[in-house]
S.K.: 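Take this structure, written in C-alpha cells, and hold onto it; I'll ask about it next.
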Amino acid sequence: MEANGLGLQNFPELKNDTFLRAAWGEETDYTPVWCMRQAGRYLPEFRETRAAQDFFSTCRSPEACCELTLQPLRRFPLDAAIIFSDILVVPQALGMEVTMVPGKGPSFPEPLREERDLERLRDPAAVASELGYVFQAITLTRQQLAGRVPLIGFAGAPWTLMTYMVEGGSSSTMAQAKRWLYQKPLASHKLLGILTDALVPYLIGQVAAGAQALQLFESHAGHLGSELFSKFALPYIRDVAKRVKAGLQKAGLAPVPMIIFAKDGHFALEELAQAGYEVVGLDWTVAPKKARERVGKTVTLQGNLDPCALYASEEEIGRLVQQMLNDFGPQRYIANLGHGLYPDMDPEHVGAFVDAVHKHSRLLRQN
C-alpha cells in the first residue's frame with residue numbers, strides 16, 4: 001500500500017461535492033444521482049472500447065478502466081463516478097481462476113468444493129498487492145476527473161463473493177453455497193473470514209489511491225433468510241466497515257462515506273442501517289416511505305427506481321422520478337436505480353432519469 005503514497009497525491013479540487021454531502025447526511029441544494037452500472041454495455045462507446053480485449057484484461061488496464069469510468073460523465077450530468085472494475089477481481093487475487101464467458105457470465109473452472117480447497121487460496125494479506133492495477137485505475141481516473149465529481153470505489157461483500165467461489169458462477173438458487181452454510185458452517189466462517197481479511201486492505205488501498213466513497217455490494221443477500229443472513233452475512237458486513245474505518249484512521253487518511261447495498265435484503269433493513277455504513281442502498285422492491293420509517297434519521301438512503309422503468313417514455317420516467325423523490329424526501333437521500341442498468345437500455349432515457357432527478361428535486365425544495 002506504501003506504493004500508493006498513502007493518499008498523498010495532489011488531486012484537483014472537488015467542484016461538485018453534492019453526492020458526498022448527501023452521503024454524510026448534510027443538506028444539499030438538490031438530490032444527487034448516479035446509476036449502478038453507469039459505465040456499461042448500454043453505451044455504444046463502452047461496447048467499442050470493450051471490443052478490443054477480454055473482460056478481465058480490460059479490468060487490468062488502468063487506461064481502459066479510466067476511459068470506461070469517464071464515458072457516462074461525458075454524456076450525463078451525473079453527481080458521482082464509480083470506477084470500472086469487477087467484484088470478482090478479489091477471488092482472482094486469492095488465486096482462483098475466473099473467466100468471463102460471453103452470454104453466460106463469470107465462470108470458475110475449479111470452484112471450492114471441500115474445506116481442504118481453502119488451502120489453495122493465497123494469503124489474504126497479499127491480495128492488495130495483487131490488485132495494484134485497480135489502485136492505478138483509481139488514481140488515473142481521479143486525476144482525469146479534474147475534480148468534476150467524486151469517485152466511488154467498491155467491492156463485493158464476503159457472502160456474495162463466496163457464492164461465486166463455491167457455485168463456480170451465477171446460480172438461481174445458490175444451493176451449493178447454502179449447502180456449505182448448513183453442512184460446513186465452520187469452513188464457511190473460515191472462508192468468509194479470509195474474504196473479509198482480503199477486502200479490508202483492498203478497500204483501504206482504494207481510498208489511498210483516490211476513492212472518495214466506497215460501496216459494498218451484497219448482491220446475493222436475497223438468497224439468505226433473516227437467520228442465515230444474520231449469521232453468515234451481517235457480521236462480515238459490519239466487520240468490513242469497522243475495520244476499514246479504523247484502518248483509514250491508522251493510515252492517516254480522511255474518512256470516506258461507505259454505502260452498503262444488500263439486494264433483496266429488505267428483511268434486514270434495520271440491521272443494515274446500524275452496520276456502520278453512512279448510506280444504505282435499496283433495491284426497487286422496497287417502498288421508500290416504509291424504508292425511511294424503519295431505518296430512522298441516522299442514515300442516508302440510496303436508490304431505488306426499478307431499472308426497467310427506463311423502458312418507459314421519458315414523460316413517464318419524469319412522473320416516476322417525481323413520485324420517488326416525494327417518497328424519499330429531500331434530504332439524506334441519493335437517487336439511483338434499484339439495480340444496475342441493463343445492456344439494452346436507451347442512453348436517452350438514462351439522461352431523462354438524471355435530468356428528472358435534478359429538476360424535480362430542486363422544485364421539491366422550493367415548495
Side-chain angles (χ1 to χ4, degrees), residues 54-60 85-134 154-206 216-225 227-240 243-244 262-265:
D54 86 349
F55 182 79
F56 285 110
S57 305
T58 306
C59 290
R60 282 190 283 273
S85 186
D86 195 86
I87 66 171
L88 298 180
V89 299
V90 169
Q92 271 185 338
L94 284 166
M96 293 192 79
E97 191 190 334
V98 192
T99 56
M100 195 61 81
V101 182
K104 184 183 166 245
S107 171
F108 288 70
E110 293 181 53
L112 304 174
R113 285 286 172 249
E114 301 300 329
E115 178 167 9
R116 64 171 178 271
D117 293 338
L118 298 182
E119 290 158 26
R120 302 198 322 243
L121 300 176
R122 282 196 194 114
D123 175 7
V127 162
S129 58
E130 291 286 325
L131 294 171
Y133 60 87
V134 179
F154 72 92
W159 157 250
T160 293
L161 294 177
M162 173 180 168
T163 61
Y164 283 106
M165 293 162 80
V166 172
E167 296 285 344
S170 304
S171 154
S172 58
T173 60
M174 302 295 161
Q176 292 304 319
K178 289 176 76 176
R179 176 194 287 256
W180 269 58
L181 303 185
Y182 284 112
Q183 291 186 353
K184 308 189 208 334
L186 292 176
S188 297
H189 280 300
K190 188 176 172 186
L191 173 54
L192 293 161
I194 289 168
L195 287 163
T196 304
D197 289 346
L199 286 167
V200 170
Y202 177 48
L203 289 166
I204 294 167
Q206 290 188 42
L216 195 69
F217 285 85
E218 188 70 282
S219 311
H220 297 162
H223 291 275
L224 303 174
E227 194 182 335
L228 286 180
F229 188 82
S230 59
K231 232 186 241 168
F232 294 102
L234 194 60
Y236 299 98
I237 287 171
R238 281 198 190 112
D239 209 28
V240 166
R243 288 169 59 186
V244 165
K263 186 165 183 298
D264 300 316

S.K.: Specify the closest pair of heavy atoms between Thr196 and Pro158, including all atoms of both residues, with the distance to one decimal.
M.R.: OG1-CG, 3.4 Å

S.K.: Can you find a heavy atom in the side chain of Met162 that is under 4.5 Å from one in the side chain of Phe232?
M.R.: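 In short, these two side chains do not touch, never coming nearer than 4.5 Å.
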
S.K.: I need the Phe217 CZ to Asp86 CG distance, nearest 0.5 Å.
M.R.: 10.0 Å

S.K.: Are any of the side-chain heavy atoms of Arg120 and Leu112 separated by less than 4.5 Å?
M.R.: yes

S.K.: Distance check, rounded to the nearest 0.5 Å: Ser170 atom OG versus Lys104 atom NZ?
M.R.: 7.5 Å

S.K.: Roughly how far, to the nearest 0.5 Å, is CG of Leu186 from CG of Leu191?
M.R.: 12.5 Å

S.K.: Minimum heavy-atom separation for Val89 and Cys59, please, with both atom names.
M.R.: CG1-CB, 4.5 Å

S.K.: Salt-bridged, Arg113 to Asp117, with N to O below 4.0 Å?
M.R.: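 No salt bridge links Arg113 with Asp117.
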
S.K.: Could you check if a side-chain atom of Leu121 sits within less than 4.5 angstrom of a side-chain atom of Met96, using non-hydrogen atoms only?
M.R.: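 Yes; the side chains approach each other to less than 4.5 Å.
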
S.K.: Specify whether Tyr236 and His189 have parallel, tilted or perpendicular ring planes, treating 30° as the upper limit for parallel and 60° as the lower limit for perpendicular.
M.R.: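 Rings of Tyr236 and His189: tilted, as their planes differ by 30° to 60°.
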
S.K.: For Ala233 and Leu224, work out which heavy atoms get closest and say how close.
M.R.: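 Taking Ala233 first and Leu224 second, the nearest heavy atoms are CB-CD1, 4.0 Å.
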
S.K.: Are there more than 12 heavy atoms of other residues, nucleotides or ligands under 6.0 Å from atom NZ of Lys231?
M.R.: no

S.K.: Any heavy-atom pair between the side chains of Val90 and Leu131 that's under 4.5 Å?
M.R.: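 Contact flag for Leu131/Val90 side chains = yes.
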
S.K.: OG/Ser85 to CD/Gln206 distance, rounded to the nearest 0.5 angstrom?
M.R.: 7.5 Å

S.K.: Could you report the tightest heavy-atom contact between Met100 and Pro106, atom names first, then the distance?
M.R.: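 Shortest heavy-atom contact: SD-N, 3.4 Å.
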
S.K.: From Leu234 CG over to Asp239 CG, what is the distance, rounded to the nearest 0.5 angstrom?
M.R.: 11.0 Å

S.K.: Testing Thr160, Thr163, Asp264 one by one against His220 for a side chain to side chain donor-acceptor pair (under 3.5 Å), which residue passes?
M.R.: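 Filter result, single survivor: Thr163.
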
S.K.: Using only atom types and a distance under 3.5 Å, with no angle test, would you say the side chain of Glu167 pairs donor to acceptor with the backbone of Ala177?
M.R.: yes

S.K.: Nearest heavy-atom pair of Leu161 and Pro91: which atoms, and what distance?
M.R.: CD2-CD, 4.1 Å

S.K.: Judged by atom type as modelled, is there a donor-acceptor pair below 3.5 Å linking the side chain of Arg122 to the main-chain atoms of Val127?
M.R.: no

S.K.: For the residue pair Leu203 and Ala155, what are the closest heavy atoms and their distance?
M.R.: CD2-CB, 3.8 Å

S.K.: What I'd like to find out is whether the side chain of Ile204 reaches to under 4.5 Å of the side chain of Arg243, using heavy atoms alone.
M.R.: no

S.K.: Can a donor-acceptor pair be found, under 3.5 Å and without considering hydrogens, that links the side chain of Thr99 to the backbone of Val101?
M.R.: no

S.K.: For a 4.5 angstrom cut-off between non-hydrogen side-chain atoms, does Phe56 reach Leu88?
M.R.: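 A side-chain contact exists here, since the closest heavy-atom pair is under 4.5 Å.
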
S.K.: Between Glu97 (side chain) and Glu110 (backbone), is there a donor-acceptor pair under 3.5 Å?
M.R.: no

S.K.: Do Pro185 and Trp180 make a side-chain contact, defined as non-hydrogen atoms from C-beta onward lying under 4.5 Å apart?
M.R.: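 Side-chain contact under 4.5 Å: no.
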
S.K.: List the steps and the verdict of side chain to side chain contact (heavy atoms under 4.5 Å, CB included) for Trp159 and Leu195.
M.R.: CA-CA 9 Å; Trp159 157 250; Leu195 287 163; over 6 Å; no

S.K.: From Leu118 CG over to Lys184 NZ, what is the distance, rounded to the nearest 0.5 angstrom?
M.R.: 9.5 Å

S.K.: For residues Tyr164 and Val98, determine if any side-chain heavy atom of one lies less than 4.5 Å from a side-chain heavy atom of the other.
M.R.: no

